[in-house]
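These notes are about the structure you will find just below.
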Number of protein chains: 8
Amino acid sequence: MIEKSLQVAVITGSKSDLDTIQKTVDVLKKFGVSYEVKVLSAHRTPRKLAAYVEKLPSRGAKVVIAAAGMSAALAGTVAAHTSLPVIGVPMETRTLQGLDSLLSTVQMPKGVPVGCMSIGSAGACNAGLYACQILALNDKKISGKLTRFRSEMAKSIMGLKIKL
Amino acid sequence: MIEKSLQVAVITGSKSDLDTIQKTVDVLKKFGVSYEVKVLSAHRTPRKLAAYVEKLPSRGAKVVIAAAGMSAALAGTVAAHTSLPVIGVPMETRTLQGLDSLLSTVQMPKGVPVGCMSIGSAGACNAGLYACQILALNDKKISGKLTRFRSEMAKSIMGLKIKL
Amino acid sequence: MIEKSLQVAVITGSKSDLDTIQKTVDVLKKFGVSYEVKVLSAHRTPRKLAAYVEKLPSRGAKVVIAAAGMSAALAGTVAAHTSLPVIGVPMETRTLQGLDSLLSTVQMPKGVPVGCMSIGSAGACNAGLYACQILALNDKKISGKLTRFRSEMAKSIMGLKIKL
Amino acid sequence: MIEKSLQVAVITGSKSDLDTIQKTVDVLKKFGVSYEVKVLSAHRTPRKLAAYVEKLPSRGAKVVIAAAGMSAALAGTVAAHTSLPVIGVPMETRTLQGLDSLLSTVQMPKGVPVGCMSIGSAGACNAGLYACQILALNDKKISGKLTRFRSEMAKSIMGLKIKL
Amino acid sequence: MIEKSLQVAVITGSKSDLDTIQKTVDVLKKFGVSYEVKVLSAHRTPRKLAAYVEKLPSRGAKVVIAAAGMSAALAGTVAAHTSLPVIGVPMETRTLQGLDSLLSTVQMPKGVPVGCMSIGSAGACNAGLYACQILALNDKKISGKLTRFRSEMAKSIMGLKIKL
Amino acid sequence: MIEKSLQVAVITGSKSDLDTIQKTVDVLKKFGVSYEVKVLSAHRTPRKLAAYVEKLPSRGAKVVIAAAGMSAALAGTVAAHTSLPVIGVPMETRTLQGLDSLLSTVQMPKGVPVGCMSIGSAGACNAGLYACQILALNDKKISGKLTRFRSEMAKSIMGLKIKL
Amino acid sequence: MIEKSLQVAVITGSKSDLDTIQKTVDVLKKFGVSYEVKVLSAHRTPRKLAAYVEKLPSRGAKVVIAAAGMSAALAGTVAAHTSLPVIGVPMETRTLQGLDSLLSTVQMPKGVPVGCMSIGSAGACNAGLYACQILALNDKKISGKLTRFRSEMAKSIMGLKIKL
Amino acid sequence: MIEKSLQVAVITGSKSDLDTIQKTVDVLKKFGVSYEVKVLSAHRTPRKLAAYVEKLPSRGAKVVIAAAGMSAALAGTVAAHTSLPVIGVPMETRTLQGLDSLLSTVQMPKGVPVGCMSIGSAGACNAGLYACQILALNDKKISGKLTRFRSEMAKSIMGLKIKL
């Protein structure tokens with residue numbers, strides 16, 4: 001896609017999270033939002049992560065989406081390096097089913113907020129939508145698309161009588 | 001305060017949540033953001049809640065903060081009635097310590113995002129800050145205040161050697 | 001089936017819940033109870049849900065069964081719109097195994113009760129039986145069928161010595 | 001109160017649960033429902049419990065409310081001895097905060113449903129209301145009182161702007 | 001096997017638990033202990049269960065093993081009807097992985113003890129061994145077999161250096 | 001008390017557990033069972049613990065009760081050193097409310113059973129009773145006392161109508 | 001104390017953690033280990049934290065102890081900036097009792113280990129001891145003190161018969 | 001491999017843990033650290049375990065890695081028998097997904113520390129690395145390899161823009 005200027009930065013802590021974060025990307029594409037996806041880890045590449053995040057405002061980014069699992073320090077660390085709104089996506093995990101990712105992402109201390117989504121792919125999809133909702137506050141095109149999205153979503157659940 | 005026009009709507013599910021939500025209000029005041037606080041329940045006043053939320057965009061509101069406990073349907077219900085970004089604050093609870101509020105607030109299904117904060121008063125404070133971070137995307141004054149807030153917060157943790 | 005008049009309304013939050021809710025329907029059919037199944041979401045179709053629920057008493061419905069997963073606001077939202085007894089069925093979930101659905105469904109605040117069943121298909125079956133138990137208070141035919149059901153269930157567990 | 005005939009039987013597993021169950025009684029009194037309260041334990045007085053429960057239908061009882069804590073077998077055991085709708089109230093516990101009571105009460109196997117309320121005093125209050133909702137299906141007086149109760153509850157949450 | 005007289009009664013709450021309880025039976029057979037296996041449910045056949053349990057002492061039984069899942073009232077109900085030592089085996093469950101069975105089985109109130117084993121097949125095996133340990137207090141043959149069993153178990157873990 | 005010969009050895013992992021284990025001792029005294037209480041830790045005095053436990057059979061002990069908190073290895077370690085039936089009491093803990101003690105005590109691997117009681121003082125009381133139930137298999141006096149205890153316990157829960 | 005050269009760096013995420021970390025300091029003092037205590041937050045002072053940690057090896061530090069609560073990213077972030085062994089202490093928290101701190105501290109991804117202690121003050125004390133155990137590998141004086149500490153600890157649990 | 005002298009002892013509680021512990025061994029091999037792997041159980045071979053652990057210092061061992069599941073007493077028992085730093089690896093479990101192993105391994109009482117890794121194979125890998133970090137304090141070769149490992153790990157996460 002032609003990058004108008006970066007609107008949303010999407011960061012995952014590991015390559016294995018990319019399948020899930022595809023749901024985020026699908027939403028951003030659908031809404032015509034410019035984005036880029038990076039794999040950067042709070043634990044394995046902390047310096048690069050900090051440098052990347054700190055440059056985001058000057059590149060025009062408005063929102064950062066951070067997805068990580070286990071001791072999911074990624075979203076919090078991103079939030080530590082920027083005042084842009086950070087959306088956290090706790091990844092599903094093999095052993096504790098994402099409870100570790102969830103608590104690590106959502107239980108931020110006073111002063112450094114992260115807006116946490118649900119665990120796994122539902123959260124990944126919602127992260128994209130939430131980013132669009134923030135962008136829509138100053139973008140009528142996205143705002144209009146959100147209205148249509150909502151209406152289509154409602155229609156897809158017809159509320160018709162089901163034959164069982 | 002003179003209401004410039006409403007920027008942030010703060011809703012709690014019960015009067016007993018007002019003590020906690022005071023932390024949100026303190027932040028909004030500090031950043032000069034216009035707000036109002038309402039007690040409206042997804043379970044006890046669903047029609048009024050829906051009507052109130054649906055009028056918010058026309059009143060100029062940009063962000064909704066919703067705080068509730070136990071089966072905390074409030075933030076999700078608010079998100080069901082608006083495309084404004086909704087920030088959820090799970091209240092501390094007597095029996096399950098907020099785990100019920102947290103899971104009810106954060107585990108939103110695909111299509112209707114809520115940005116969930118940490119449980120209780122840390123989350124209430126962060127909800128105010130997160131709202132400011134969203135508003136700051138188009139408000140240089142709030143943006144500047146955020147930068148100063150971050151710098152003061154860092155200073156309050158001096159990193160000096162502690163005598164123990 | 002010929003609808004005598006609607007006795008039990010069955011609502012699921014998503015089409016993906018229909019497989020599980022089939023167990024409810026099987027019980028209602030077995031007991032000759034008239035029912036209808038709707039997919040309506042507290043988060044995606046809140047207005048339609050409210051309108052549907054509020055018309056139920058005038059259609060003769062006595063009981064509402066609501067099945068949803070994750071942040072399962074459905075049963076609570078239904079209960080917010082009617083004084084009919086609401087039976088909640090927490091759906092099994094991929095990440096937290098239904099703990100999120102369970103806490104969201106059962107932990108209702110004071111004033112708006114939901115009668116919560118067990119998680120998943122056992123709960124779906126029991127929701128049908130519980131509805132029949134309520135209807136049986138004023139329906140001797142259902143009452144008689146319940147007595148026979150109990151007796152058959154007991155017989156199916158013969159209490160005979162097992163060869164192992 | 002003059003016992004018209006018993007409508008609701010309230011059973012607690014221990015005398016120490018009576019303080020909590022007072023909330024149930026307060027609701028039943030408010031709605032003019034006839035009731036009696038017994039302390040009977042699934043573990044300590046199983047024979048008496050069975051005998052008591054089995055006589056309830058002939059005494060006119062329509063609903064049984066059972067409140068117990070820890071390994072809360074009470075509601076399930078009551079449900080094993082009657083086809084009347086059983087409402088379970090999981091008591092708050094010292095060590096696991098009612099998670100044990102909740103899972104023991106709600107996770108009933110296929111065939112023997114219990115309608116589980118929230119943990120502790122909110123659940124105790126709701127148990128009374130849920131019983132009234134069931135009775136109201138065939139009692140216009142209770143039905144009318146429920147409508148007024150709902151309306152007063154909504155009013156008590158005025159939805160007015162709060163000064164914080 | 002020729003029943004010397006019944007030493008251990010093994011009860012499961014459902015036929016689906018028999019696969020797991022086979023581990024218990026294997027141990028009892030190995031130690032030459034007389035046993036019988038019954039499927040009897042606290043929720044579905046409460047009267048039969050009570051009658052069965054109350055006759056056990058007169059049949060010579062020394063120990064009762066009770067295995068059940070979900071709201072696992074079985075072991076507690078057995079303990080309510082006898083002063084024989086009751087060994088509880090919490091079954092693995094689909095949704096909450098046996099946490100519900102475990103808490104229901106182990107969290108017995110003061111006065112009615114159950115000796116709870118680990119969840120699932122390890123617990124089923126250990127239930128057989130624990131029964132043997134109790135019987136061994138007055139049976140030198142079993143006592144000798146236990147000593148040999150322990151020694152073989154230790155040998156099977158040779159403590160030799162492993163090549164990895 | 002005059003030690004007939006030791007019947008029950010009671011071990012706690014720490015002096016701070018003695019208040020809780022007093023409930024065990026109260027039961028053993030009431031039933032006239034000879035006992036001794038030792039503080040011995042699986043983690044801090046492993047050699048002494050092993051030596052103590054291995055001498056118990058020769059001193060006539062029939063049952064060992066082991067109470068510990070947090071990573072509660074005590075009961076399992078005792079069971080590793082004896083074929084006597086071991087009763088575990090998980091202590092209440094400050095941070096995780098005894099969930100750590102419970103899982104450490106109950107989740108024993110195949111081959112080394114521990115009969116686990118409920119968390120804290122209810123479990124401590126039940127440990128004493130369970131020991132008596134085991135001893136009663138070969139002691140008519142204890143057996144008779146158990147029958148009287150059960151009957152008094154049932155009476156203390158009169159099943160009378162409560163005035164609320 | 002005269003700083004021989006820094007052996008152990010102790011970092012807490014917040015001033016409110018200092019009371020707990022005093023237990024760590026007490027141990028380090030007792031063993032004559034040189035240390036310093038800093039308050040530095042992964043979320044509020046990430047740059048200072050990184051800078052501080054990266055200078056530790058050149059100052060002679062051998063071990064880092066990091067104590068934090070809630071979404072406890074501190075220990076993991078420290079580990080991201082150094083190859084020194086990092087000991088994590090999860091702080092007790094108000095709402096989830098340290099379960100959030102524990103999972104955030106212990107569930108580190110492959111490649112960046114943290115040695116996690118128990119929650120709260122027991123963990124704080126053990127962090128000091130674990131640091132000494134690491135230092136003792138090359139310091140006979142500390143090694144000797146550890147041997148004496150162990151022996152005194154064992155003695156303080158005399159294993160004597162307790163009068164209850 | 002030619003054993004220079006034993007540096008790291010790796011113990012698992014069961015043969016079934018060897019697949020997971022292979023990850024530990026892979027790391028130790030990669031760093032040229034001498035090691036041996038033993039299967040020894042705190043519950044099934046307590047005497048052999050104690051004897052083995054107590055001989056480790058005289059054989060030159062610097063670190064012990066202990067991996068076990070369920071009621072994972074292994075690491076704590078090892079720590080009870082040595083002042084060498086003990087690294088615990090909680091094994092994934094079938095029923096509670098390693099929560100039992102984690103709490104049993106990490107929640108050590110005051111005085112006997114275990115450095116706990118994450119659950120399962122990530123923890124197994126990290127145990128090897130943590131052992132190397134401790135050895136590196138006095139071994140420049142390992143220290144140099146750690147620096148290279150970190151740098152390669154960072155490179156493997158390129159931080160490049162991903163095409164999604």
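Just so you know, these numbers come straight off a predicted model, no measurement behind them. Order of the sequence lines sets the chain letters (A, B, ...), proteins ahead of strands, with each chain counted from 1. As a basis for the values below, the full set of heavy atoms in this structure was taken, side chains included, without hydrogen atoms, waters or symmetry mates.
Residue contact with chain D, scored on non-hydrogen atoms closer than 4.5 Å, is absent for E:T93. Only the backbone of D:A42 comes within contact range of chain E, with at least one heavy atom under 4.5 Å from a heavy atom of that chain. E:L96 touches chain D through its side chain: at least one heavy atom from C-beta onward sits under 4.5 Å away, while N, CA, C and O do not.
Within a 6.0 Å radius of CG in D:D26, more than 12 heavy atoms belonging to other residues, nucleotides or ligands are found. Other residues, nucleotides and ligands contribute only 12 or fewer heavy atoms inside 6.0 Å of the CZ atom of E:R94. Within a 6.0 Å sphere centred on CG of D:N138, other residues, nucleotides and ligands contribute more than 12 heavy atoms.
At a threshold of 4.5 Å between non-hydrogen side-chain atoms, the residues E:E54 and D:R47 count as touching.
Closest approach of E:H43 to D:T77, counting heavy atoms only: CD2-N, 4.2 Å. A pairwise comparison of heavy atoms in E:L103 and D:L103 identifies CD1-CD1, 4.1 Å as the closest pair. Closest non-hydrogen pair, E:M70 versus D:P109, comes out as SD-CA, 4.1 Å.
Chain D forms more heavy-atom pairs under 4.5 Å with one residue of E:A79, E:G111, E:A73, E:G76 than with any other, namely E:G76.
Note that the CG atom of D:D100 and the CG atom of E:D100 stand 12.0 Å from one another [nearest 0.5 Å].
In terms of modelled atom types and a separation under 3.5 Å, the side chain of D:S71 and the main chain of E:Q107 share no donor-acceptor contact.
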